2 protein chains.
Amino acid sequence: MARKRGRYHHGDLREALIDAAVELIGERGVRGFSLAEASRRLGVATSAPYAHFADRDELVAAVAVRACRRFRAQLVRGSSEPRNPADRLAAMARAYVRFAGTQRALFEALFSSGLDKRRYPELKAAEQPIDDAFQECVSALSNGTSPEELADAVEAAAHGHATLLLDGSFGEGYRAVELAAERAARVTLAIVESRRLLTPGR
Amino acid sequence: MARKRGRYHHGDLREALIDAAVELIGERGVRGFSLAEASRRLGVATSAPYAHFADRDELVAAVAVRACRRFRAQLVRGSSEPRNPADRLAAMARAYVRFAGTQRALFEALFSSGLDKRRYPELKAAEQPIDDAFQECVSALSNGTSPEELADAVEAAAHGHATLLLDGSFGEGYRAVELAAERAARVTLAIVESRRLLTPGR
DNA sequence: GTCTATATCCCGATAGAC
DNA sequence: GTCTATCGGGATATAGAC
């Protein structure tokens, strides 16, 4: 835990770099993030990171992997209290948007990094639990639709609200986050109620 | 229209730069776009663009403005044929996703550029007609909800499908685009049907 | 409006010492 | 595992000629 102190890292530089990356992305966005500046912040040589990451993108991918875990945790926690399935799903959508609004850097690393995810199988693997969380939450009310389609629909709706929130469409600040989250929750309830329309094939 | 020909531009370099930017963004994403390379493609000096744009971001913003116009046109065209309001709205959501899938570069310039839109009032102005298109389409069925909330909900749902599509969540290629577009259209119908849930206040 | 030339800066990545 | 040193590349932006 000797971060930002001396010139030498006897701790876990790998973890420290991920922390620094999150900070930097939070301040300037993924676009303005560089390996060199992360090193400077930690007081290590710009070559030091290469002992832990093959290149810049690999560090960003590591941030994304961490994001997946936190994200899933927040989704599960946020949706645990309501009793009935529809409300749980709506709470999950709300948690989804709140995560984007409050953990902007992590959300960006996950969805706005411009990374080619096909090149990072571990990231793909880390994303799966997020989908799974929706699936689980949905399984109790799949009557009338395939669970996959309902889960995907809700996830997409939440995702849309989240990204538009980060784009400024809901305004700025705490109020904007809550507004977007609430909207996403309501849309979720609407989708659930009319879920039979999601699979018109039958 | 003497693009890519000689060394000197007697035409409209400003427009040519926007064209080149669209091409480049399409090939490497916004992230990998540079003013310098756009110049190189056109065979002009790297300093030439500065006669038309203050900096790199201003060119990207110009691309985004063009994107707004095309986007709106496609939304309006795509949603003009169905007779009843709900189907029109669903068609608009479908067109939204198709635009993202087929005009990737323009969609990225608009939503994944990392631009601070507050700095580009003309861009804000150019975005308005897109919201308006949804508003108009929604006005015929606002019974039970405020038109704004219904329009925003559908827009967010479409946007979520669009961004997840570009992220690869629906797979790659033509099939993926149509799948995502169809899903967005169905979700729209579900939202419309249960739209009274969007405004629980009353 | 465009060119040539240039200044500056930053970044990614590697080599070799400790 | 980290440092020093360095190479090579590319980008932004300006100055001044045509």
Side-chain angles (χ1 to χ4, degrees), chain A residues 1-25 27-64 109 113-116 119-120, chain B residues 1-25 27-63 108-109 113-116 119-120:
Chain A
M1 284 294 179
R3 273 182 60 205
K4 279 181 181 170
R5 278 261 232 88
R7 197 143 271 282
Y8 301 97
H9 263 270
H10 300 295
D12 192 341
L13 179 57
R14 190 190 146 88
E15 280 304 302
L17 279 167
I18 297 179
D19 290 344
V22 173
E23 268 186 36
L24 272 172
I25 293 171
E27 293 169 20
R28 316 193 193 175
V30 225
R31 183 184 157 210
F33 164 75
S34 80
L35 208 44
E37 186 161 2
S39 305
R40 248 173 283 143
R41 285 230 179 163
L42 295 175
V44 302
T46 60
S47 61
Y50 291 92
H52 303 276
F53 302 99
D55 55 30
R56 187 207 109 123
D57 284 2
E58 208 168 88
L59 171 51
V60 177
V63 174
S113 59
L115 244 62
D116 184 1
R119 286 190 47 206
Y120 301 93
Chain B
M1 284 299 179
R3 275 183 58 207
K4 279 184 180 171
R5 277 261 233 89
R7 196 146 272 281
Y8 303 97
H9 262 272
H10 300 295
D12 193 341
L13 178 57
R14 190 189 146 89
E15 281 303 303
L17 278 166
I18 297 179
D19 290 344
V22 173
E23 268 188 35
L24 271 171
I25 293 171
E27 292 168 21
R28 316 194 193 175
V30 226
R31 183 182 159 211
F33 164 74
S34 79
L35 208 44
E37 186 160 4
S39 305
R40 249 173 281 142
R41 286 232 178 163
L42 294 173
V44 302
T46 61
S47 60
Y50 292 91
H52 303 276
F53 301 99
D55 54 31
R56 186 207 108 122
D57 284 2
E58 208 167 88
L59 172 51
V60 178
V63 174
E108 271 191 41
S113 59
L115 244 61
D116 184 1
R119 286 190 47 204
Y120 301 93

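Note: hydrogens, waters and symmetry copies are ignored here, and every other heavy atom, side chains too, is used. Note that the structure is predicted; figures quoted are calculated from it, not measured. Reminder, nothing fancy here: chain letters follow the sequence lines and each chain counts from 1.
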**Message:** If we check side chain to side chain contact (heavy atoms under 4.5 Å, CB included) with A:Phe33, which of these qualifies: A:Val22, A:Ile25, A:Val63?
**Reply:** A:Ile25
**Prompt:** A:Glu15 and side chain to side chain contact (heavy atoms under 4.5 Å, CB included): which partner among A:Leu13, A:Leu17, A:Ile18?
**Reply:** A:Ile18
Side-chain N or O of [X] less than 4.0 angstrom from OP1 or OP2 on [N]?
X	N	value
B:Ser34	D:dG10	no
B:Arg40	D:dA11	yes
B:Ser47	C:dC3	no

Measure [atom1]/[X] against [atom2]/[N] and give the value in whole Å, please.
X	N	atom1	atom2	answer
B:Glu58	D:dT12	CD	C1'	14 Å
B:Asp55	D:dA13	CG	C1'	10 Å
A:Leu24	C:dC10	CG	C1'	14 Å
B:Leu35	C:dT2	CG	C1'	14 Å
A:Tyr50	D:dA5	OH	C1'	15 Å
B:Arg41	D:dA11	CZ	C1'	16 Å
B:Leu59	D:dA11	CG	P	14 Å
B:Arg31	D:dA11	CZ	P	14 Å

Classify [X] by what it touches in the nucleic acid, base, sugar-phosphate, or nothing, heavy-atom distance under 4.0 Å.
X	answer
B:Ala48	sugar-phosphate
A:Arg14	nothing
B:Ala51	base

**Request:** Could you check which of D:dA11, D:dT2, D:dA13 has an atom nearest any side-chain atom of B:Glu37?
**Result:** D:dA11
**Asked** Out of D:dC3, D:dA13, C:dT4, which has the shortest distance to the side chain of B:Ala45?
**Response** C:dT4
**Request:** Mind listing the closest non-hydrogen atom pair of A:Asp55 and A:Leu35 along with its distance?
**Result:** C-CD2, 4.2 Å
**Request:** Just do the salt bridge (charged side-chain N to carboxylate O under 4.0 Å, His left out) check on A:Arg31 and B:Asp57 with the steps written out, would you?
**Result:** CA-CA 12 Å; A:Arg31 183 184 157 210; B:Asp57 284 2; 2.7 Å; yes
**Message:** Between B:Arg41 and B:Glu27, does any side-chain N to carboxylate O distance fall below 4.0 Å?
**Reply:** yes
